[in-house]
Student: 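Could you have a look at this structure, given as structure tokens, before my questions?
Every chain is numbered from 1, with letters handed out A, B, ... down the list of sequences. Note that these values count all heavy atoms, side chains included, but never hydrogens, waters or copies made by symmetry.
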Amino acid sequence: MELQQKIEAILFFKGEPMSRKKLAEFLGVGQIEVNEALEKLKENLKDRGIVLQEKENPASTRGDSSTRGGEITLGTAPELSGLIEKLQKEELNKELSKASLETLSIILYKNGVNRSLIDYIRGVNSSFTLRALSVRGLIEKSLDPEDSRRYIYKPTFELLSFMGVKSVQELPDYELVNNSIESSAQNLAEELQAEESQNDANL
Amino acid sequence: MELQQKIEAILFFKGEPMSRKKLAEFLGVGQIEVNEALEKLKENLKDRGIVLQEKENPASTRGDSSTRGGEITLGTAPELSGLIEKLQKEELNKELSKASLETLSIILYKNGVNRSLIDYIRGVNSSFTLRALSVRGLIEKSLDPEDSRRYIYKPTFELLSFMGVKSVQELPDYELVNNSIESSAQNLAEELQAEESQNDANL
Amino acid sequence: METEAVKDYSYQIKTDAFEGPFHLLLSLIEERKFFINDLSLAQVTEDYLSYVNKLEKQDPSEISSFIVVAATLILIKSKSLLPNLNLTSEEEGDIHNLEERLKLYELYTKLGGNIKSMFGKKIIFAPLERKNDFLVFLPDDRITKESMMTFARDALGRMPKKVFLPEVEVKKVVSIEEMISRLTERIEKTLEMNFKDFAGVAKTKEEKVVVIIGFLAMLELVRQGILHVIQESNFEDIIIKKNNE
């Protein structure tokens, strides 16, 4: 059997996220083979009822995306959300406060960020909000690979799932935001605004 | 989305056998459509790591398979059974993580605790940890008698006897620790209430 | 009793309306359809300060981050009223920094709009927990009566206490209070010497006096607000929670 089929079976059986590294180890193959197989699997799942979700390790980790690792998991296609929701018994919390929206947008679009930067951008202490979002499973913290005395906050699969995206790259304006240097925040904000008014005009 | 994709997502999500009849009812389509979609799905899954499995209903052997109403489910490809067995063994023999032990301790000191309280005490989401504990037979979940949209978790009988106690009350400092958990539960309830009234005010 | 409670409640909603200083500032600027720059910041300073003054009365504990920003706004306002006022490079830096931060904040609030419109609309569901086909019981030697007690106590002990105060912000406030009183002094001097700089702002002598008195009164308000916070931290035990991070 091909590698991609094995990976699909493993992910199906586990039913929860797994790291690319662990997959390679378990299958006794290299990281590059795993990455290639995952690309094929993604292609294969294109018109299916299930999708492959992926999360890269934070960008601050050195190395390009082929060695950066990250986690993957299987989920139901976002287009079938309404159908599957009817089967779901547990209550879903779809409410987000303004503080949560601000904090999540920083964490999602930066794909991993330490707390001081979140506080700096928001101008307020974010401890409460970060704790509440962790408890809801929308974010998780891990040690900063660049500075082991602090944590970085990252989006979880749960967050990507609620957003209906397979990876952060699918978020609207993601490329726009990440390709520009921060100091041109004003330009970006204007571009986004221009885009918005165009969208409004199209409605 | 096509019917076969919907069926694939449903079976993937539920992870347990479902009758053709129930599928048709849930999807609001006829038996014949479901049967056709299942044939297509079977075809599509040909070169994949997961397969459509069918258990025929022995009680009603009359008629052909389309009306017989057997149960169907998704499973890993039979060729990969060796791989999956190895994975399963590895999972079960893995050491329990610190997160798991911590979660287990809360379940022991508050027999019949719901996930939101565990998450609130730990400050992180515990879904995967709870799965790991339950796979190993250390805890069991049941519907919360107070709120049927959520589950409560209890230590299994085997766990208690492994620890050499007949009931959780025999655990050291039971009352003290239990009271402390109870007061956390109260704080959580108050916070949720405050949040709710705030949401109402924002409307 | 009844009406009292209702009043408190509506107060509550008002203060909760702004999450922080940037939210307030950006709302004031957007209300006027301005862009973020020193001119627009100077224009909204009064509104900002009167809001902070109101907030200070209702919820002194919430105010420290608002006051840090207030101090910079006063600098901007002073400069716009008194072009002759010389700012130190640190003060210039503060002003530039505030503009940059506000632009960043604006960017992420816009992006937050994407999140608001998408969250929970098309959910990707992870599979439900698989039922165990076979019964297993796999304990671990580390599960003992004693270890379980320690784990539970540790977890409970790590929970945050109810009061959080941003330690850094409180410290900053002390020095900003000093800065403002120095600035007030400087402004008073500058006003005496360069009264004609005001020509563009106020035409008649009476108008000039009104502008100056109003401006100084505004500074005074903020100064008092800051003092209040400092007193709180001197006479009352503010629990400064050290985060586990």
Side-chain angles (χ1 to χ4, degrees), chain A residues 1-18 22 25-27 37 41 44-45 47-51 74-81 83-93 95-98 128 130-141 156-158, chain B residues 1-15 18 26-27 41 44-45 47-51 74-77 79-81 83-88 90-91 115-128 131-132 143 147-151 188 191 195-196 198-199 202:
Chain A
M1 279 239 160
E2 277 179 61
L3 197 54
Q4 49 146 317
Q5 289 156 297
K6 291 184 184 168
I7 294 177
E8 185 178 23
I10 290 172
L11 291 175
F12 172 83
F13 178 79
K14 279 203 69 147
E16 54 184 70
M18 201 170 176
K22 177 107 202 290
E25 274 168 24
F26 181 75
L27 289 162
L41 181 57
N44 258 330
L45 291 175
D47 297 307
R48 321 270 349 148
I50 55 185
V51 294
L74 291 176
T76 58
E79 294 80 4
L80 299 173
S81 177
L83 185 76
I84 305 298
E85 198 172 342
K86 280 194 281 178
L87 291 168
Q88 160 93 12
K89 285 192 196 89
E90 270 181 287
E91 205 185 0
L92 300 174
N93 184 357
E95 301 284 322
L96 289 176
S97 68
K98 178 145 191 349
F128 271 135
L130 287 171
R131 191 180 138 86
L133 292 172
S134 302
V135 168
R136 274 176 76 175
L138 298 177
I139 60 171
E140 62 192 350
K141 64 176 185 184
T156 57
F157 275 116
E158 181 93 353
Chain B
M1 278 232 157
E2 278 180 57
L3 198 53
Q4 54 146 317
Q5 289 152 299
K6 290 183 184 170
I7 295 175
E8 184 180 24
I10 291 170
L11 295 176
F12 167 79
F13 177 75
K14 289 206 69 153
M18 208 172 168
F26 180 74
L27 288 161
L41 183 57
N44 256 320
L45 290 175
D47 298 309
R48 303 259 308 270
I50 55 183
V51 294
L74 285 178
T76 54
E79 297 91 329
L80 297 173
S81 64
L83 189 76
I84 297 302
E85 251 166 59
K86 189 180 140 205
L87 181 67
Q88 191 167 30
E90 208 170 89
E91 296 251 289
R115 203 191 81 203
S116 57
L117 182 55
I118 301 174
D119 292 348
Y120 180 70
I121 291 172
R122 299 188 57 228
V124 292
N125 190 280
S126 309
S127 333
F128 293 134
R131 265 191 206 200
L143 276 178
D147 182 348
S148 64
R149 285 163 309 181
R150 61 182 191 185
Y151 293 101
L188 172 62
E191 271 180 42
E195 212 171 275
E196 232 161 76
Q198 205 153 38
N199 283 342
N202 287 340

Student: As an exercise, state the distance from CZ of B/R48 to CD of A/Q5, rounded to the nearest 0.5 Å.
Tutor: 9.0 Å
Student: When rounded to the nearest 0.5 angstrom, what is the spacing between CG in B/L80 and CD in A/E8?
Tutor: 9.5 Å
Student: To the closest 0.5 Å, what do you measure between CD1 (B/I10) and CG (A/L87)?
Tutor: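 If we round to the nearest 0.5 Å, B/I10:CD1 and A/L87:CG are 6.0 Å apart.
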Student: Can you see whether A/F26 has B/K86 sitting over its ring - NZ or CZ less than 6.0 Å from the centre and within 45° of the normal?
Tutor: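 Yes, a cation-pi geometry.
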Student: Quick check: do A/E2 and B/D47 have side-chain heavy atoms less than 4.5 Å from each other?
Tutor: no
Student: Write down the atom of A/G49, the atom of B/A9, and the distance for their closest heavy-atom approach.
Tutor: O-CB, 3.5 Å
Student: Tell me, side chain or backbone of B/I7 under 4.5 Å from chain A's heavy atoms, or both, or neither?
Tutor: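 Contact with chain A involves no heavy atom of B/I7 at all.
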Student: Quick one: what part of A/E90 sits under 4.5 Å from any heavy atom of chain B, side chain, backbone, both or neither?
Tutor: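 For A/E90, the contact with chain B is made by backbone and side chain together.
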Student: If I take atom CZ from residue A/R136 and atom OG from residue B/S116, how far apart are they, to the nearest 0.5 angstrom?
Tutor: 12.5 Å
Student: Measure the shortest side-chain to side-chain distance between A/T156 and B/N125 over non-hydrogen atoms and say whether it is less than 4.5 angstrom.
Tutor: no
Student: Grab the two heavy atoms, one from A/F12 and one from B/L74, that are nearest each other, plus how far apart they are.
Tutor: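 Reported closest heavy-atom pair: CZ-O, 3.4 Å.
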Student: Report which part of A/L27 has an atom under 4.5 Å of a heavy atom belonging to chain B: side chain, backbone, both, or neither.
Tutor: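 Just its side chain gets close to chain B.
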Student: Quick check for you: among B/L41, B/I50, B/V124, which has the greatest number of heavy-atom pairs under 4.5 Å with chain A?
Tutor: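 Among the listed options, the one with the most contacts to chain A is B/I50.
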Student: Is there a donor-acceptor contact under 3.5 Å from the side chain of B/R131 to the main chain of A/E16?
Tutor: no
Student: So how far is it from A/T76 OG1 to B/K6 NZ, rounded to the nearest 0.5 Å?
Tutor: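 NZ of B/K6 is found 13.5 Å from OG1 of A/T76.
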Student: Relative to chain B, which segment of A/L45 carries a heavy atom at a distance below 4.5 Å: side chain, backbone, both, or neither?
Tutor: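 Contact with chain B involves the side chain of A/L45 alone.
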